[in-house]
Amino acid sequence: MRYTITAALLYANGPAHIGHLAGCYIPADIYARYLRAKNHDVLFVSGSDEHGVPITIRAEKEGLTPQQVVDKYHSIIKKSFEEFGISFDIYSRTSKKVHHTTSSDFFTTLNNKKQLLVQKSEQYFDDIRNKFLQDRYIVGECPKCNNPNAFGDQCEKCGSTLSPSELINPRSALSNATPILKETSHWYLPLQEAEKWLKEWILETHQSDWKTNVYGQCKSWLEQGLQARAVTRDLEWGVPVPLADTDGKVLYVWFEAPIGYISATKDYFEEKNEPVDNYKKYWQDENTKLIHFIGKDNIVFHCIIFPTMLKLHGDFILPTNVPANEFLNLEGNKISTSRNWAVWLHEYLVDFPEKQDVLRYVLTANAPEQKDNDFTWKDFQAKNNNELVATLGNFINRAFVLSEKYTDNKVPQLFDLEQIDKDLLQNLQEIPTKIENSIENYRFKEALNFYMELARIGNKYMQDTAPWQLAKDLEKNKNRIDTILHLSLQLVANLAILGEPFLPFTAKKINQLLNIDAQKWEKAGKIDILTPNHSIQKASLLFAKIEDIEIQKQIDKLENSKKQNELENYTPENIKKEINFDDFSKIDIRIGTIKTAEKVAKTKKLLKLSIDIGIETRTVVSGIAEHFLPENIIGQQVCLIANLAPRAMQGIESQGMILMAEDADGKLKFVAPNEIVKNGVTVK
RNA sequence: GGCGAGGUAGCUCAGAUGGUUAGAGCGUUGGAUUCAUAACCCAAAGGUCACGGGUUCGACUCCCGUCCUCGCUACCA
């Protein structure tokens, strides 16, 4: 069988972290290594996704060109993956020429086949720079809070989501020119036309073999109805649209990025100096299985959009399966690149040298296969000390130490088998099949558990046969000891074969200790891997205990970087333009007391408050529902802007606005007098 | 708000088409052992399977409702 295995293209605007590894790259790697060991034809591809707006923004922030940004992160990411033993056949990147030609050819094919719609719309345009402007590149005064430097998509001061047309006095961030609306054309992928076959393909033919989370998410999308999606946009950083008169237009990243898997495959053959057309075997042959490993945020692209593109193109196979994982949390909180709440791979490699397999083990054992999962350093330590050291490492070590003592570092002969030996062989034969089943069904956690069961069986076998007891009468029991150690060492050899997909570095070390080459999977379950009298190495530990102090260091590091980040991210806002006293005195601020509070139906953030301001009771709708429970704020005194023009929100007229202080972490606090005062008193 | 996924022992998770005393690993407690990084082996304790109804001879497993977590989406700040 031939397999094309893809792991999500990682967006190159930051380094890779444990969430990436756990959600996508480790399962993909286990799968790829396993299939290779089974002698399948496997091509395992991935790469960096290097286009799109966030990278241009990052470039601006860091004072670099977009290319410099992606060069920087691409090399960090690539190196991390290499060091973790992710066995890509190629880790490519979308800024490569091969990708530009592949993705623009793809677009051209769809366009020539009349599979794309063209639609005209009006977009903001900078006359001076002669460029269309992304929302982000239009600045102006925020209509909500009057921040003069709000962006066209969002005001960073008040957090409002905006559209460029709402800005007061909008100007281009590039030239300060006033943006003008100009007509532009864009190409669209008519997803709605694919609905019918997608429903059949996914909902009918993949109900039982796709994971429930993946299937459910697809169902949700398909039942909501699909809409045409723009394939192009006005931007400079990306793959140029390969048509006349399309200067300043590029392919939208979501369209172009997944084609990166195909480009990467071509890149692989180019690098090997083989005919590039070999890629077709992996993408266009019905006998090839295409498997996409991704995180759950990518389900719609890999199950609906990319397959639609492939189908419309016509030459390509569709994915056999898309085993998406859920998310990994870190110490109870979501991993966040921007808030620096993450364990970065390149840092882990420095802090825990030679411990790639430890992280691989922990992330596999704790993989978010069915639901979001939590990574904690304490658990990391426990799994290392109690499982890798105490169970796996210990068994292998016992086998070597005993061989050193009783058989002179040689594989002894096998003599008559007793029942306990036969039981051991039975188990040994069954476990590889169990592991195979689990891996082939993308249940890597379960597979790893079966693997560890074998080590436990080994420990028990040793405990039950107790060769050290027999050694008290060495003359009499020599053959028995030989048999036990022979079997134990064969078991160790099996642990190398079966462990290779999960713990490649350890598997390699075991083979070195045994003085043998890596064995193919078909040898698993057998006891003829080592021949009698074969010399093996002296015992040497495979895993080391991890002490509390190392773990504490990591926890502290996390807390510190979080704190530091909060501090760095907080800069007091600039003082607004000067006003005179008259302006100020126009504002009528009164103290009032919240009498009732209730959540506004169908909203997340709004509370409907009634506030007693002495003279009367006002109804105020306020966006504080995410910060306070209604019942907890009854009786709270607040400052109310009493002469603000009423405004209807969700059908409720809000008669005023209450003043809130926003802390650096975004939490809102009431502004109130330090002692209770009479309702209706003024604030001056 | 709509849709999707999840809520099972202290922790992390399994539990095909409903059926005898609900499972694993780790942790805890007790015992045994010394070849081994106080590791290993044996045993025990621990769960009203989120909550409330219903279907059924029988439900963790099916149906309805409620609550909580996560994601997508909508709306709103």
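Here is how names work: the chains are called A, B, and so on, in the same order as the sequence lines, proteins then strands, and each is numbered from 1. As the structure is a prediction and not an experimental result, all values here were calculated from the model.
In this pair, H292(A) and F306(A) present their aromatic rings tilted. The plane angle is within the 30 to 60° band.
Comparing U12(B), G27(B), A36(B) by their nearest atom to the side chain of K405(A) picks out A36(B). Looking at the side chain of F327(A), the nearest of the listed nucleotides A39(B), C26(B), G71(B) is G71(B). Among the nucleotides A36(B), G71(B), U37(B), the one closest to the side chain of N394(A) is A36(B). Of the candidates C70(B), C72(B), G7(B), the closest approach to any side-chain atom of K371(A) belongs to G7(B). The nucleotide whose nearest atom lies closest to any side-chain atom of S220(A) is, among C35(B), C3(B), U33(B), C3(B). The side chain of Q217(A) lies closest to G71(B) when the candidates are U37(B), G71(B), C35(B).
Comparing the same atom, P, in G10(B) and in A16(B) gives a spacing of 22 Å after rounding to whole Å. One P atom belongs to G27(B), the other to A5(B), and the distance between them is 35 Å to the nearest Å. Nucleotides G25(B) and U69(B) have their P atoms positioned 33 Å apart, rounded to a whole Å. A distance of about 10 Å separates the P atoms of A9(B) and G47(B), rounded to the whole Å. Look at the P atom in both C40(B) and U28(B): the space between them is 11 Å, to the nearest Å. Comparing the C1' positions of U17(B) and C60(B) gives a spacing of 16 Å, expressed to the nearest Å. Separating the P atom of G4(B) from that of U66(B) is a span of 14 Å, rounded to the nearest Å.
Note: F502(A) and Y361(A) fail the aromatic proximity criterion, with ring centroids not under 6.0 Å apart. W377(A) has its ring centre less than 6.0 Å from the ring centre of F352(A).
A donor-acceptor contact closer than 3.5 angstrom links the side chains of Y34(A) and E440(A). Q419(A) and D423(A) are linked by a side-chain donor-acceptor pair at a separation below 3.5 angstrom, with hydrogens and angles left out of the test.
Across the interface with RNA chain B, nearest-nucleotide mapping of Q469(A) and E326(A) shows E326(A) to be the residue nearer the 5′ end.
Side-chain contact between N213(A) and Q370(A): absent, with no pair of heavy atoms (C-beta onward) separated by less than 4.5 Å.
Within the 4.0 Å cut-off from OP1 or OP2 of A14(B), at least one side-chain nitrogen or oxygen of Q370(A) is found. Contact annotation: N213(A) does not reach the phosphate of G4(B) (side-chain N/O to OP1 or OP2, under 4.0 Å).
Contacts between residues 540-550 of chain A and RNA chain B, defined by a heavy-atom separation below 4.0 Å, involve L541(A), L542(A), F543(A), K545(A), listed by number. In the region residues 438-449 of chain A, proximity to RNA chain B at under 4.0 angstrom, judged on heavy atoms, holds for K445(A), N449(A).
For the pair K296(A) and F327(A), the cation-pi criterion (under 6.0 Å, within 45° of the ring axis) is fulfilled.
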Show the distances under 3.5 angstrom between N or O atoms of the protein and N or O atoms of nucleotides 41-45 of chain B.
{"unit_1": "C42(B)", "atom_1": "OP1", "unit_2": "K460(A)", "atom_2": "NZ", "d": "3.2"}

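Glycosidic conformation of G58(B) is anti; the angle lies outside 90° of 0.
Nearest heavy atom pair, residue E369(A) against residue N325(A), reads CA-OD1, 3.4 Å.
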